Undergrad: 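Quick one: the structure is below, questions incoming.
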Amino acid sequence: MNLIVDAIAWILDPAHYGGPNGIGVRLIEHLWISVVSLVIAGAIAIPAGFLIGHTGTGRAAAVLVSGGVRALPTLGLISILGLSIGIGVQAPIIAFVVLAIPSMLAGAYAGFEAIDRRIVDSARSVGMTEWQIVGRVELPLGLPLLIGGIRSATLQVIATATLAAYISGGGLGSFIFLGLRTNDYTQMLAGSILVIALAIAFEGAFSALQRLVVPAGVRAGQRTKVRSGSPRSAAEAE
Amino acid sequence: MIEFRSVTKRFPGGTVAVDDFNLVLPSRKTTVLVGSSGSGKTTLLRMINRMVDLTSGTIEIDGEDTSALEPVALRRRIGYVMQNSGLLPHFTVIENVATVPVLNGVPRKRAFSDALALLDTVGLERSLADRYPSQLSGGQQQRVGVARGLAADPNILLMDEPFGAVDPIVRDELQQELIRLQRELDKTVVFVTHDIDEAFLIGDQVVILEQGGRIAQVGSPSEIMADPASDFVSSFIGADRGKRALSIRHTERGAVLVDGFGRAAGVLVEGVAVASVAVESEESTSS
Ligand SMILES: Nc1ncnc2c1ncn2[C@@H]1O[C@H](COP(=O)(O)OP(=O)(O)O)[C@@H](O)[C@H]1O
Ligand SMILES: [Mg+2]
């Protein structure tokens with residue numbers, strides 16, 4: 001109990017905010033590493049996922065690759081990459097990209113696959129081009145699941161970005177590794193709490209976003225379906 | 001005019017859905033393709049707007065070979081109405097109806113005001129314009145589907161069992177509306193159904209299909225009823241079961257028509273100007 005109080009006091013101490021090893025700088029590093037990794041992973045996984053979802057081919061390969069990649073231990077990957085390209089931020093970013101790809105890929109193609117094929121067929125039969133089908137039908141209808149994939153990738157990366165500090169990549173993990181080396185458990189715990197708080201903040205933002213991107217017509221359908229049940233279930237759904 | 005010439009469709013799995021099919025569908029008339037499930041009706045319909053590619057043969061629209069046309073452009077000038085309305089769930093009613101004109105580059109404002117007028121045409125309240133498909137009844141969704149099919153003012157309207165999923169009362173209503181619309185709009189309609197009564201009610205030309213898209217008989221409803229080409233056709237239209245074998249029975253109150261089961265099927269009305277109510281008169285003799 002005391003340890004937690006100490007850790008919170010450590011976090012609240014203004015002296016720990018400034019300077020190159022302060023919470024401010026480390027937080028920005030942590031966010032930067034995470035965002036860069038996620039953007040790169042998204043640039044690879046989302047178009048690939050759309051292609052798989054739209055054409056319905058390559059799914060088996062994607063599942064295989066995702067499964068294989070998921071089995072890679074991130075710390076091991078960081079160590080190997082660190083040995084070959086040196087310490088710093090590049091090795092962890094590559095490892096986090098690898099970490100984020102499976103969830104994003106799954107979210108992207110699951111979002112497309114979940115769309116009733118008859119809707120896509122109907123869009124095509126009134127004369128939409130393939131690009132228009134992707135942009136006006138599959139993307140808006142698949143967005144909630146895609147955001148779900150980005151959400152779990154973000155959570156994984158923010159939690160795992162702690163490991164960047166293992167090879168001098170910075171981030172909130174610095175407090176944990178520094179605390180570990182100096183037997184400063186207060187600082188270790190403070191670092192962990194900061195990472196957890198950051199993850200929770202993103203989780204909250206994403207769950208709000210995920211609800212927001214459900215197209216109005218789809219939400220309207222869900223609501224009428226729920227209401228036709230009991231008034232209670234409608235209240236719970238809100 | 002739509003013309004099928006030796007059209008064959010073999011699907012990748014090896015199923016021959018349509019085998020050497022030949023048919024002329026006259027302009028501004030309703031042709032109904034009727035047959036049991038799996039007889040190739042949907043495949044035939046979807047080959048017209050190139051949603052399905054032919055394995056061999058040609059389809060011409062007003063003398064133009066469709067294989068030479070760009071599929072997207074072709075689809076935009078052919079209305080298509082499907083069984084489950086096929087509306088986009090995240091588009092409002094008005095956005096759904098205006099889809100094709102907007103794709104064709106008509107300014108949104110004009111496309112939407114035209115779409116509102118189309119809601120009147122298909123008998124929908126304008127107040128439904130901002131609803132989503134999920135907030136409409138099945139019958140209303142089908143009407144929106146028809147309005148969407150008509151939005152680009154196509155010469156050809158393809159309808160694949162458009163009233164198959166609505167309850168019988170609504171279906172009757174929609175059938176009557178379609179007959180009215182067709183009288184006003186004068187489109188070349190290709191209508192697919194497995195319901196022979198619907199086929200006789202709506203069709204100017206009825207095509208009865210056997211498996212593999214083989215034509216069992218082509219003709220006007222009265223031609224087919226008067227002279228079924230085969231036992232298959234007799235059985236399909238219910239002539240052999242006595243359903244359409246009507247006879248006059250004289251009762252105390254007057255003459256009634258009875259079917260082969262002895263059930264009263266209607267009355268004979270003399271002196272009606274048949275030409276002007278051709279469709280209705282066929283309905284009353286067939287039901
Ligand atoms: N995409 C497809 N791939 C393989 N076989 C198909 C496909 N579409 C239809 N078929 C087959 O072609 C035949 C005709 O189907 P269809 O045209 O849908 O018949 P209908 O509309 O009269 O019920 C059926 O045997 C069906 O299984
Ligand atoms: Mg069909």
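Chain identifiers are assigned alphabetically (A, B, ...) following the order of the sequence lines, protein sequences preceding nucleic acid strands; residue numbering begins at 1 within each chain. A quick note: this is a predicted structure, and the numbers were derived from the prediction, not measured. Values below: every heavy atom of this structure, side chains too, minus hydrogens, waters and symmetry copies.
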Undergrad: Could you have a look at B:Val100, B:Leu103, B:Leu158 and say which one has the most heavy-atom pairs with chain A under 4.5 angstrom?
TA: B:Leu103
Undergrad: Select one option (side chain, backbone, both, neither) describing which atoms of B:Arg46 are under 4.5 Å from chain A's heavy atoms.
TA: side chain
Undergrad: Tell me, yes or no, whether the heavy-atom count around A:Tyr166 atom OH, taken from other residues, nucleotides or ligands under 6.0 Å, exceeds 12.
TA: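 Atom OH in A:Tyr166 is not packed in, count stays at 12 or less.
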Undergrad: Could you name the residues of residues 68-83 of chain B that have a heavy atom within less than 4.5 Å of a heavy atom in chain A?
TA: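 When heavy atoms of chain A are the reference, residues 68-83 of chain B contributes B:Val72, B:Arg75, B:Arg76, B:Tyr80, B:Met82 within the under-4.5 Å range.
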Undergrad: CZ of A:Arg118: more than 12 outside heavy atoms within 6.0 angstrom?
TA: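 No, not enclosed.
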Undergrad: Going from CD1 on A:Ile119 to CG on B:Leu87, what distance comes out if it is rounded to the nearest 0.5 angstrom?
TA: 9.5 Å
Undergrad: Could you note down all residue pairs passing ring-ring contact (aromatic ring centres under 6.0 Å, His included) where residues 48-72 of chain A supplies at least one of them, sequence neighbours left out?
TA: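 Counting only pairs at least two positions apart or across chains, the ring-ring contact (aromatic ring centres under 6.0 Å, His included) contacts touching residues 48-72 of chain A are A:Phe50-A:Phe112.
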Undergrad: Verify the neighbour count for atom CZ of B:Arg126: are there more than 12 heavy atoms of other residues, nucleotides or ligands below 6.0 Å?
TA: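 Count over threshold, so yes.
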Undergrad: By number, which residues in residues 120-141 of chain A have some heavy atom less than 4.5 Å away from chain B?
TA: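 Result: A:Asp121, A:Ser122, A:Ala123, A:Arg124, A:Ser125, A:Val126, A:Gly127, A:Met128, A:Thr129, A:Gln132, A:Arg136, A:Val137, A:Pro140, A:Leu141.
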Undergrad: Would you call B:Ser134 and A:Val218 a side-chain contact if the rule is heavy atoms closer than 4.5 Å?
TA: no
Undergrad: If you look only at distance, which donor and acceptor atoms sit under 3.5 Å apart when one is on a side chain in residues 29-37 of chain A and the other is two or more places apart or in another chain?
TA:
from, atom 1, to, atom 2, distance (Å)
A:Glu29, OE1, A:Arg26, NH1, 2.8
A:Glu29, OE1, A:Gly171, N, 2.7
A:Glu29, OE2, A:Arg26, NH1, 3.3
A:His30, ND1, A:Leu172, N, 3.1
A:His30, NE2, A:Ile158, O, 2.8
A:Ser34, OG, A:His30, O, 2.8
A:Ser37, OG, A:Ile33, O, 2.6

Undergrad: Count the heavy atoms of every other residue, nucleotide or ligand shown that sit under 6.0 Å from CZ of B:Arg10, and state whether that count exceeds 12.
TA: no
